[in-house]
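Okay, structure first, notes after.
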Amino acid sequence: MSLAEIATRWQFAPVVTAFAVVSAGLYLWGTFRVRRRHPVNPWPWWRTALFLSGLFVVVIATQSGIGSYDDVLFWDHMVQHLLLLMVAPPLLVVGQPGTLLLHASRNPIHTWAKRLMRSRVVSALTFPAFGVLLYTGTIVGTHLTSFMNVTMTNDAAHQGEHVLYLVAGYLYFLPLIGREPIRWRVSYPTRLFLLFIAMPVDAFTGLVLGSEGGNPFPSMADGRPAWAPSPIDDVHIGGAIMWVGGAGLMFALMMAVFFAWSREVRADGGLGWLESARRANFATLVSENSENSESTEANAQATKLPPDQTVDDEEHLAAYNAFLARINRQPDNPAKH
């Protein structure tokens, strides 16, 4: 296998081609429509580039040399799986096709799309825990069971496997790296945690495959090119690709989420509802006693910043210390003894 082999050995998949062409056409139509309606604030070009890159990855994974050898080389099959599960979905998610639809459409399509994104069915499918379970089940169920042999002998199952990887990856990454107007708003620490817990799944699957003593996929033993490794070595290489490649891609996504967190400008600092509740409760506690002390009043004013600003921990600590000092200065009430 070489880059020349990947680039020149193409197979035509009409369903994949139609999906890529239609999706790209609709997306570009939406960007042109937004630019025409809002020339001062057009759709970001880099989101368009990322979405089209995601479609290109799908085409490369299924129709290039990678797709041509996916039924005879297990390590090539694993490369294809990583592209469809961990590379293409994040690119499509960051492209925000749902948000683009809302910006480009008018009623009744706008209202229908908004209701659909907030519907119970979509809320259930995009629930972060469901995405984690679907991702985990897809990785383990399609690699550590006999399902792989079924896909090698049944073309419909093989094509369905590709769809499963793309859908599972999209639903998993949507609430974690996306900004679509869905119901769920996941805090950045939770996002990092849900991305991190997927790494042991990839590592475990790769370790099991790399420890195989025999060929667990005999259906891939026929039709192998002369330059291919032995079937057992092929499985071991595929396991290493899943372990190292999967962990590397997930780590890169975690770094991207951490970078986005460092640039967060929301009032809660991206920590979610718990931090918002803590700050609101503290502001109330300080403001209730602001009339008793000029210093307390100044600290209370410090906590009431505009929505685009935040209060750091040093200001919180100073206000809290002032509040404790004022309590200590209050004389004891004899009636309480």
Side-chain angles (χ1 to χ4, degrees), residues 15 19 22-23 26-27 29-31 33-34 43 47 50-51 54-55 58 84-86 88-142 147 157 159-198 201 250 253-254 256-257 260-261 264 266-277 280:
V15 175
F19 165 76
V22 172
S23 299
L26 291 175
Y27 193 94
W29 172 82
T31 61
R33 187 175 177 87
V34 171
W43 186 253
R47 291 197 183 276
L50 290 176
F51 185 84
L55 295 178
V58 174
L84 293 176
L85 186 64
M86 300 183 66
L91 294 173
L92 298 176
V93 166
V94 178
Q96 293 188 214
T99 303
L100 177 61
L101 175 61
L102 294 179
H103 287 183
S105 62
R106 296 180 178 178
N107 288 328
I109 297 179
H110 179 88
T111 302
W112 173 82
K114 192 173 183 179
R115 289 178 178 176
L116 178 63
M117 293 180 187
R118 292 281 183 164
S119 65
R120 293 183 178 180
V121 174
V122 174
S123 296
L125 291 175
T126 57
F127 184 53
F130 174 78
V132 172
L133 293 176
L134 180 61
Y135 178 90
T136 302
T138 299
I139 291 290
V140 176
T142 59
F147 180 78
Q159 302 305 323
E161 181 189 42
H162 296 165
V163 176
L164 174 62
Y165 285 136
L166 199 60
V167 172
Y170 191 88
L171 294 179
Y172 171 62
F173 290 112
L174 178 59
L176 303 184
I177 66 174
R179 290 182 177 269
E180 297 282 24
I182 59 177
R183 175 182 177 183
W184 312 108
R185 289 293 179 268
V186 185
S187 65
Y188 280 100
T190 304
R191 296 184 192 190
L192 292 173
F193 173 74
L194 294 180
L195 290 172
F196 174 78
I197 61 176
V201 178
M250 196 63 71
L253 291 171
M254 291 178 63
V257 171
W261 186 10
E264 183 60 53
R266 289 185 300 172
D268 62 359
L271 295 177
W273 64 270
L274 184 61
E275 175 66 9
S276 297

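Between Tyr27 and Leu55 the shortest side-chain heavy-atom distance does not fall below 4.5 Å. Side-chain contact between Arg118 and Ile182 is absent, with no heavy-atom pair separated by less than 4.5 Å. A heavy-atom distance below 4.5 Å is not found between the side chains of Val93 and Tyr172. You'll find the side chain of Arg183 stays beyond 4.5 Å of the side chain of Thr126, heavy atoms only. Using a 4.5 Å heavy-atom cutoff, the side chains of Gln159 and Val15 are not in contact. Arg191 places none of its side-chain heavy atoms less than 4.5 Å from the side chain of Pro128. At a threshold of 4.5 Å between non-hydrogen side-chain atoms, the residues Pro189 and Trp261 count as touching. Leu174 is not listed as a side-chain neighbour of Leu125, based on a closest heavy-atom distance of 4.5 Å or more.
Leu133 contributes atom CG, which lies 10.5 Å from atom OG1 of Thr138 (distance to the nearest 0.5 angstrom). Note: Arg47 CZ to Leu50 CG = 8.0 Å, rounded to the nearest 0.5 Å. In this structure, CZ in Arg185 is found 12.5 Å from OG in Ser187, a value given to the nearest 0.5 Å. Atom-to-atom distance recorded for Met254:CE and Leu176:CG is 11.0 Å, nearest 0.5 angstrom.
Between Phe51 and Gly95, the shortest heavy-atom distance links the atoms CB-CA, 4.1 Å. Across all non-hydrogen atoms, the minimal contact from Pro89 to Gly169 is CB-C, 3.4 Å. Here the closest non-hydrogen pair linking Met117 and Val122 is O-CG1, 3.6 Å. In terms of heavy-atom proximity, Met86 sits nearest to Phe173 at CA-CE1, 4.2 Å. Considering every non-hydrogen atom in both Leu166 and Leu92, the closest pair reads CD1-CD1, 4.4 Å. In terms of heavy-atom proximity, Ile177 sits nearest to Val257 at CG2-CG2, 3.7 Å.
The local environment of CZ in Phe130 is crowded, with over 12 non-hydrogen atoms from other residues, nucleotides or ligands closer than 6.0 Å. Shown here is Trp184, whose CH2 atom has more than 12 heavy atoms of other residues, nucleotides or ligands within 6.0 Å. Annotation for Ile109: atom CD1 does not count as buried by contact number, only 12 or fewer foreign heavy atoms lying within 6.0 Å. More than 12 heavy atoms of other residues, nucleotides or ligands shown are found within 6.0 angstrom of CZ on Phe147.
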- Message: Test side chain to side chain contact (heavy atoms under 4.5 Å, CB included) on Tyr135 and Leu171; report intermediate values, then the result.
- Response: CA-CA 9 Å; Tyr135 178 90; Leu171 294 179; over 6 Å; no
- Show the numbers, then the answer: is there a side chain to side chain contact (heavy atoms under 4.5 Å, CB included) between Thr99 and Arg179? CA-CA 8 Å; Thr99 303; Arg179 290 182 177 269; over 6 Å; no
- Message: Apply side chain to side chain contact (heavy atoms under 4.5 Å, CB included) to residues Tyr188 and Leu192 and explain how you reach the verdict.
- Response: CA-CA 6 Å; Tyr188 280 100; Leu192 292 173; 5.5 Å; no
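Remark: side-chain polar atoms of Ser123 are not paired, donor with acceptor, to backbone N or O of Arg120 under 3.5 angstrom. Ser23 places a side-chain N or O within 3.5 Å of a backbone atom of Phe19 that can act as its donor or acceptor partner. Side chain of Gln96 to backbone of Gly178: no donor-acceptor contact under 3.5 angstrom is found.
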